[in-house]
Amino acid sequence: MREIEYDLIVETVKNLAIEANSVLDEDMYKVLEEAYEKEESPTGKEVLKQILENDKIAKTEMIPICQDTGTAVMFVEVGEEVVVKGGHLKDALYEGVRRGYVDGYLRKSMVKDPLRRVNTGDNTPPIIHFDIVPGDKLKIMFAPKGGGSENMSVAKLFAPAAGREGIKKFVVDVVDQAGGNPCPPIIVGVGIGGNFEMSAILAKKSLFRKIGERHPDPFYAELELEILEEVNKLGIGPMGLGGTVTALDVHIEYYPCHIASLPVAVNIQCHANRHKVAIL
Amino acid sequence: MSDEYKRITPPLTDDVVADLRIGDKVLITGYIYTARDSAHKRLVELIKKGEPLPFDIKGQIIYYVGPAPAKPGYVIGSAGPTTSYRMDPYTPPLLELGLKGMIGKGQRGKEVKEAMKKYKAVYFEAVGGAGALLARRIKSVEIVAYEDLGPEAIRKLYVEDFPVIVANDMYGGDLFLEGKSRYRKVG
């Protein structure tokens with residue numbers, strides 16, 4: 001067994017929260033610059049210019065890229081040989097979020113219950129998806145997920161007859177309906193298969209993939225590119241003000257499913273494509 | 001920032017609003033007010049009860065934002081726009097009382113667009129997710145009402161050269177629809 005200190009986990013999550021909210025992956029700055037070059041609309045270019053400038057300010061000054069510093073979403077892979085010393089794993093993850101959002105001057109966007117809506121004050125609880133894996137490592141994938149793009153996400157359970165074309169049309173329609181609301185240029189995460197909840201988790205997890213990285217299965221890789229092409233014909237453009245760059249990429253993840261089902265979930269990610277991973 | 005921008009200062013008159021057309025790039029200097037979901041709900045409840053609002057709304061601009069907390073040495077934290085459609089149900093009564101401008105992101109509903117024509121108002125798009133850039137243009141912050149709402153409290157901001165784009169004008173123009181149809185390559 002390998003022991004990992006409770007305090008180390010707290011500190012790691014705190015830093016993940018602060019860094020993920022201020023600094024994008026290095027490749028994202030390049031992706032946005034390419035989008036600026038590619039965009040045909042002058043208004044779209046103006047929007048992308050401001051986004052690029054913004055993201056540089058955020059990185060230099062270590063302030064949040066966007067005031068919506070999100071729900072703290074984590075995919076956590078716990079090695080079977082890991083033991084947390086000095087406390088419980090879940091408590092450490094919560095405490096890390098609490099410290100990151102309070103000490104890091106991040107916005108607290110969580111309410112205690114969805115109808116009475118009183119703020120929890122420290123952005124807890126996070127939403128955590130645990131997995132048990134072989135080995136002695138603890139992997140924490142952290143993504144602050146903003147409300148604007150999350151609100152435009154949709155899940156639907158199709159009959160298998162809908163097939164490839166049915167899914168393609170559905171995803172493109174979801175993006176079309178969302179328009180400027182999810183802060184395009186967006187990344188479209190698509191989860192296909194599993195069941196009702198699994199499809200949504202797959203869609204969310206797909207957003208961790210790097211821009212331009214294709215699904216290892218050529219069948220799904222091709223579908224990703226086809227959807228991306230269709231989405232960029234919609235004319236929505238940066239912030240929905242018209243243009244040729246609506247999405248930066250489409251990522252699909254799939255899972256086996258029931259003979260009667262074809263679940264599909266579309267999780268939309270805004271241009272502030274924030275995520276950060278730590279392995280302890 | 002160059003001369004291609006129109007410059008305005010609230011409170012806005014009908015004449016200023018009349019000069020703004022969709023696609024115009026605008027720099028705002030002066031005082032604007034923040035309000036988002038919960039503050040809008042409270043404002044409209046006051047209107048329904050016939051009670052006065054916590055600030056004089058005539059000619060003013062409301063910015064849909066819930067800023068991040070300020071780091072030491074900063075006036076305000078990251079402060080970009082939130083999605084506007086959520087404020088749609090509360091907007092027409094505010095326009096009726098003289099609200100002249102709104103800053104947010106994303107398209108507006110039919111009722112709001114009609115009320116903007118009727119009461120001569122304008123809707124500006126600020127770049128969503130550009131909260132760090134936009135915060136630099138905010139020079140002072142004062143809480144006016146509903147401090148209990150935290151990021152959703154109503155704040156009076158002094159802004160300098162705050163960059164926005166006219167997305168809906170008082171003539172019924174809609175940049176979202178026009179822009180999308182111009183660049184659309186599918187049915």
Side-chain angles (χ1 to χ4, degrees), chain A residues 21-22 40-44 46-48 50-51 53-59 61-69 102 104-109 117 119 121 146-148 151-152 172 176 178-184 230 232-244 246 270-272, chain B residues 4-5 22-25 37-38 41 65-74 76-86 104-107 125-136 148-152 163-167 174-187:
Chain A
N21 269 298
S22 308
E40 290 170 24
S41 148
T43 308
E46 167 72 19
V47 167
L48 286 163
Q50 286 191 33
I51 290 171
E53 196 185 334
N54 178 76
D55 294 353
K56 280 170 196 157
I57 294 170
K59 186 182 176 186
E61 300 188 18
M62 279 305 282
I63 55 175
I65 292 159
C66 177
Q67 74 292 335
D68 185 353
T69 51
V102 174
Y105 303 95
L106 306 180
R107 197 180 76 182
K108 292 82 184 165
S109 308
R117 309 196 73 82
N119 200 296
N151 280 351
M152 296 297 115
V172 174
D176 201 13
N181 290 335
C183 290
E230 286 302 306
N232 282 330
K233 283 183 190 164
L234 291 172
I236 294 167
M239 289 314 295
L241 300 175
T244 51
T246 298
C270 62
H271 63 77
Chain B
E4 57 185 326
Y5 290 84
I22 57 166
D24 284 354
K25 294 197 265 180
D37 309 62
S38 300
K41 191 166 175 239
V65 59
K71 260 170 97 163
Y74 285 75
I76 195 167
S78 198
T82 193
T83 320
S84 305
Y85 75 87
R86 298 195 314 270
K105 69 173 176 83
Q107 49 271 35
E125 171 96 0
V127 174
L133 170 81
L134 294 168
R136 281 191 165 185
D148 61 299
L149 293 178
E152 294 204 56
V164 292
I165 297 162
V166 178
D174 187 329
L175 185 58
F176 296 99
L177 296 177
E178 207 204 83
K180 190 169 165 178
S181 66
R182 189 179 303 165
Y183 293 95
R184 200 170 176 89
K185 291 168 191 148
V186 285

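Here is how names work: the chains are called A, B, and so on, in the same order as the sequence lines, proteins then strands, and each is numbered from 1.
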Can any side-chain N or O of [X] pair as donor or acceptor with the backbone N or O of [Y] at less than 3.5 Å?
X        : Y        : result
A:Lys108 : B:Gly150 : no
A:Asn54  : B:Leu133 : yes
B:Lys180 : A:Leu241 : no
B:Gln107 : A:Gly180 : yes
B:Lys105 : A:Gly148 : no

Using heavy-atom distances under 4.5 Å, tell me whether [X] contacts chain B through its side chain, its backbone, both, or neither.
X        : answer
A:Ala58  : both
A:Asn181 : both
A:Asn21  : neither

Which distance, rounded to the nearest 0.5 Å, do you find between the [atom1] of [X] and the [atom2] of [Y]?
X        : Y        : atom1 : atom2 : result
B:Lys185 : A:Asn232 : NZ    : CG    : 8.5 Å
A:Leu106 : B:Lys71  : CG    : NZ    : 9.5 Å
A:Met152 : B:Thr83  : CE    : OG1   : 6.5 Å
B:Arg182 : A:Thr43  : CZ    : OG1   : 7.5 Å

Any idea which of [options] has the most non-hydrogen atom pairs under 4.5 angstrom with chain B?
options                      : value
A:Asn151, A:Ile65, A:Ile51   : A:Ile65
A:Asp55, A:Val47, A:Val172   : A:Val47
A:His271, A:Glu230, A:Arg107 : A:Arg107

If you take all heavy atoms of [X] and [Y], which pair is closest and at what distance?
X        : Y        : value
B:Val127 : A:Gln50  : CG2-OE1, 3.4 Å
B:Gly129 : A:Cys183 : N-SG, 4.4 Å
A:Pro42  : B:Tyr183 : CD-OH, 3.6 Å
B:Ala132 : A:Pro64  : CB-O, 3.7 Å

In terms of heavy-atom proximity below 4.5 Å to chain A, should [X] be classed as side chain, backbone, both, or neither?
X        : result
B:Ala79  : backbone
B:Pro151 : side chain
B:Leu175 : both
B:Ala70  : backbone

> How about B:Arg136 and A:Ile63: do any of their side-chain heavy atoms sit closer than 4.5 Å?
Replying inline: no

>> When you compare the side chain of B:Leu134 with that of A:Gln67, does any pair of heavy atoms fall below 4.5 Å?
In response: no

>> Let's test your reading of the structure: which of B:Gly131, B:Ser78, B:Gly179, B:Ser84 forms the most heavy-atom pairs below 4.5 Å with chain A?
In response: B:Ser78

>> Can you tell me which of B:Lys25, B:Arg86, B:Glu125, B:Arg184 forms the most heavy-atom pairs within a distance under 4.5 Å of chain A?
In response: B:Arg184

>> Less than 4.0 angstrom from a charged side-chain N to a carboxylate O is my criterion; do B:Glu152 and A:Arg117 meet it?
In response: no

